[in-house]
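As the structure is a prediction and not an experimental result, all values here were calculated from the model. To find a chain, count down the sequence lines: A is the first, B the second, and so on, and within it residues start at 1.
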Amino acid sequence: MRRHLPVLVTTAVFVAMFVACSLQYPNFASTRVVANLLTDNAFLGIVAVGMTFVIISGGIDLSVGSVIGFTTVFLAIAIEHLGWPPAVAFVVVLVLAALFGAGMGAVIHYLEMPPFIVTLAGMFLARGASFLMSTESIAINAPLYAEISSTVIRLPGGGRLTLIAILMLVVVLAGAVLLHATRFGANVYAPGGSRASTEMMGVRVGPATIRIYLLSSLLAGLSGIVFSLYTSSGYSLSAVGVELDAIAAVVIGGTLLTGGYGTVFGTFIGVLIQGLIQTYISFDGSLSSWWAKIATGLLLFAFIAFQQLSVGLSRRGRRMAGVTAP
Amino acid sequence: MLPDVSAPPLLEIRGLSKSFGPVHALEGVDLTVRGGEIHALLGENGAGKSTLIKALTGIYSRDAGTVRLAGEAIAPATADEAVAAGIATVYQEVNLLPNLSVAQNLYLGRQPTRFGLVQRAEMRRRARDLLAGFGLSLDVDAPLGEYSVAVQSLVAIARAVDLSARVLILDEPTASLDANEVEVLFSVMRRLAARGIGIVFVTHFLDQVYAVCDRITVLRNGRLVGERETARLPRLELVHMMLGRELSEATHDRAPVVDEAKGPVVAAFQGIGKSGYLAPFDLTLRRGDVVGLAGLLGSGRTETVRLVFGAERADCGSVAVDGRPVRLTNPREAIRHGFGYCPEERKTEGIVAELTVRENIVLALQARRGILKPLARREQDEIARRFIRLLDIRPADPERPIGLLSGGNQQKVLLARWLATEPRLLILDEPTRGIDVGAHAEIIRLIRQLCAEGMALLVVSSELEEIAVYADEVAVLRDRAHVAMLAGADVSVPAILAAIAGETLRAA
């Protein structure tokens with residue numbers, strides 16, 4: 001029970017917030033609001049799943065926002081200026097993103113450099129590359145884009161579940177299975193506990209690190225595709241600071257910033273909480289949207305304080321139970 | 001039950017050598033472990049135990065010698081290869097992952113999978129079965145970190161044995177366990193031995209050696225001293241093997257004991273101790289007296305010093321300074337009462353290599369005055385010059401970085417640092433370790449001079465001959481407890497050795 005406490009608290013906070021919003025605004029509790037919540041935060045949800053893996057392994061990935069920006073510009077130029085079929089552009093940009101992440105992972109492991117610095121460099125690199133390609137916002141008018149945006153599942157009550165929302169849900173599910181039910185997943189948790197012990201136990205940390213950052217960048221690329229679908233454009237300044245939103249979602253979701261503990265589901269709820277605050281502010285109409293940042297900051301602070309507390313508590317009261325001299 | 005001696009040995013090491021540059025860490029060491037036996041590997045600091053284990057488990061390459069496992073020559077180049085060959089090691093610091101479940105820790109990297117997914121139920125079942133074989137019933141889904149170090153060690157052993165069940169090396173697994181936990185560990189070790197596994201057990205606790213080990217191999221200074229059956233090796237002889245001294249050799253030029261009146265008591269410790277750290281002890285320190293602390297490595301000497309200096313908080317007993325009860329909860333308190341402490345690890349705990357001799361000398365004095373009352377440069381110069389002259393520190397240059405001085409002179413600067421604070425009780429931890437012979441004699445001369453001037457001294461030393469020369473009283477420690485107090489004419493190397501071994505000295 002204590003193991004799942006952070007996730008339970010996060011979920012309880014989300015439910016409480018949702019109920020409170022619904023009491024204040026009768027229209028709030030509808031499939032429309034829920035579907036929009038998923039659609040509006042699809043790109044954040046996807047990139048936060050990758051961030052969850054990175055943080056649980058004891059690392060950090062500051063480059064994801066820039067990778068999203070790069071992806072949108074790359075797609076806009078490839079589709080609009082070069083006339084590539086969108087599907088080809090998607091595949092190419094995903095491969096590029098994956099290679100980029102694998103490269104960062106390799107640098108982190110083999111050159112023994114701190115992930116913070118390596119991914120900070122990656123952040124500047126990817127952002128700079130997108131400025132090189134174009135500083136303008138480029139609209140994407142490909143028919144596939146219109147088609148994808150108009151493909152929705154209509155929910156009872158008027159909600160419209162978009163493809164990108166569904167994609168996000170699929171990524172969350174797949175991420176949860178990968179993290180919680182595979183050997184790779186256990187190898188993600190292991191170095192977050194102790195890198196030295198992980199190596200002593202025969203786990204090859206190098207390949208695991210490369211795969212973790214590859215996954216994070218790949219999902220950032222996917223998130224970039226979703227972002228370009230969502231906005232139907234590519235802009236080098238898009239998704240600035242999204243890496244921090246993703247980190248906030250992961251931490252609010254109960255993942256320990258120092259690594260070793262966390263869940264994909266918690267991150268998903270963390271994303272929804274941030275989205276809920278935005279939605280509340282747009283319902284209110286009079287509040288400045290910057291209040292969303294302030295609320296997120298306060299929540300983040302509260303959750304980190306809570307984590308410190310529960311880590312401190314679990315250090316005490318270790319168990320000797322179950323041991324008897326045979 | 002002793003294992004069958006006629007059977008071929010499970011693990012046979014012959015003539016193993018390993019050098020680091022000019023230093024011979026191991027020279028022609030043999031070790032023979034039979035299946036089903038618990039074999040103690042013993043030795044003091046620098047004996048070569050760790051090097052031997054690392055050479056055996058593929059962490060170090062060996063320079064010469066053969067290792068045979070069940071008759072087959074092996075040469076593991078990595079820890080993984082050693083494990084694959086059948087040699088598993090569990091270290092004192094449990095090398096598992098506190099954030100993963102017990103089951104994941106047991107099966108990390110080899111979880112049962114189907115279609116790429118871990119079969120959790122199957123893994124749980126196997127973990128429970130495996131642990132049941134060790135007499136453990138744990139919640140295998142709980143994070144390992146929720147369990148005590150003892151349980152974590154047992155889980156580490158279970159994993160190691162499950163990975164490769166031929167030779168198990170336990171490197172000081174009992175260092176942080178209490179008596180009950182040690183019993184549990186021993187029963188697990190006996191079970192494993194009964195299954196035919198050969199266990200190499202490294203420990204500093206002689207009682208444990210005699211409680212659980214069939215045979216003993218002793219190393220000293222990188223060489224094999226001997227291999228004996230535990231049942232046929234008296235403790236005193238074992239201590240001699242480890243320390244390398246013969247009773248007959250123990251001659252010394254002790255200054256004649258003058259029956260002068262004892263000096264006033266500076267500090268009296270009564271029943272000071274800390275559970276799981278050091279058994280309660282009494283210690284009285286007088287003006288002008290040297291009290292020596294003797295014992296094997298890990299017997300509790302440094303622990304005693306840390307309790308006396310307040311670096312470790314005692315959980316029982318009382319302390320009186322000048323007859324008034326005081327509480328020593330941290331080193332600052334101790335310094336306030338006029339205690340000084342020269343630690344053993346000169347390089348890491350003592351000197352600040354980049355600072356000059358002068359700055360190193362005034363460090364403790366300045367710390368005692370507080371940063372608001374800086375010592376004037378003129379005062380600093382004068383103090384530094386005085387101690388350089390007094391202790392004959394060479395070169396006599398107060399502005400030279402201390403890192404450039406020889407070990408003996410660094411030690412003198414450290415001494416000077418504490419003497420500058422004019423302590424009433426000075427604690428010296430291995431004051432003569434790692435310094436050349438000439439400097440040895442000088443440090444000893446200094447120790448004598450200091451107590452002649454009325455300081456109380458508490459000295460930890462592995463050099464029994466030295467202790468016997470300068471100590472008025474010697475407290476002997478064994479297995480984290482004070483076991484004997486020798487005073488006056490009773491202070492002699494044979495008497496100390498006998499007390500370490502836990503035997504009373506027969507008419508010498």
Side-chain angles (χ1 to χ4, degrees), chain A residues 1-6 55-58 174 176-205 207-208 254-256 258-263 307 310-326, chain B residues 78-80 83-84 89 91 93-102 104-105 107-113 115-120 123 131-139 141-152 154 156 159-160 163 178 180-181 183-188 190-191:
Chain A
M1 193 65 186
R2 196 163 63 191
R3 262 162 273 161
H4 305 299
L5 193 60
I55 292 181
I56 288 176
S57 77
V177 169
L178 187 63
L179 184 61
H180 304 303
T182 65
R183 283 187 183 175
F184 170 70
N187 293 350
V188 171
Y189 282 95
S194 158
R195 211 191 125 110
S197 292
T198 306
E199 280 171 346
M200 296 284 283
M201 289 172 83
V203 172
R204 295 176 61 215
V205 177
T255 295
L256 217 54
T258 46
Y261 297 89
T263 58
Q307 279 181 1
S310 62
V311 167
L313 284 179
S314 68
R315 290 246 165 89
R316 265 176 254 156
R318 289 190 163 177
R319 293 201 263 180
M320 182 65 199
V323 179
T324 43
Chain B
T78 65
D80 287 350
V83 168
T89 314
Y91 296 94
E93 312 82 35
V94 181
N95 281 300
L96 294 181
L97 298 157
N99 58 320
L100 292 188
S101 71
V102 172
Q104 287 279 17
N105 267 293
Y107 292 105
L108 189 71
R110 56 200 184 101
Q111 300 96 329
T113 58
F115 311 122
L117 298 184
V118 174
Q119 302 296 103
R120 283 168 167 263
M123 187 168 77
L131 292 173
F134 288 80
L136 290 171
S137 79
L138 309 178
D139 173 4
D141 284 329
L144 185 71
E146 286 186 9
Y147 287 98
S148 67
V149 177
V151 174
Q152 295 187 24
L154 292 173
R159 177 182 162 96
L163 271 169
D178 68 26
N180 284 332
E181 293 169 336
E183 266 318 305
V184 175
L185 178 68
F186 283 180
S187 66
V188 165
R190 291 192 190 100
R191 272 182 193 219

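A distance of 7.0 Å separates CG of B:Asn95 from OG of A:Ser194, quoted to the nearest 0.5 Å. Within the model, atoms CG of B:Leu100 and OG1 of A:Thr198 stand 8.0 Å from one another, a figure rounded to the nearest 0.5 Å.
More than 12 heavy atoms of other residues, nucleotides or ligands shown are found within 6.0 angstrom of CZ on B:Arg110.
In this structure, B:Arg120 contributes its side chain and A:Ala181 its backbone to no donor-acceptor pair below 3.5 Å.
For A:Arg183 against B:Gly109, the heavy-atom pair with the smallest separation is NH1-O, 3.8 Å.
Annotation: side chain of B:Tyr91 is in contact with side chain of A:Met200 (closest heavy-atom distance under 4.5 Å).
For A:Thr182, the side-chain contact (heavy atoms from CB on, under 4.5 Å) partners are A:Leu178, A:Phe184, B:Leu117, not counting sequence neighbours. Here A:Met201 pairs with B:Leu96, B:Leu97, B:Asn105, B:Leu108, B:Arg159 under the side-chain contact (heavy atoms from CB on, under 4.5 Å) rule; sequence neighbours left out.
With a threshold of 4.5 angstrom between heavy atoms, B:Gln104 approaches chain A through side-chain atoms but not through N, CA, C or O.
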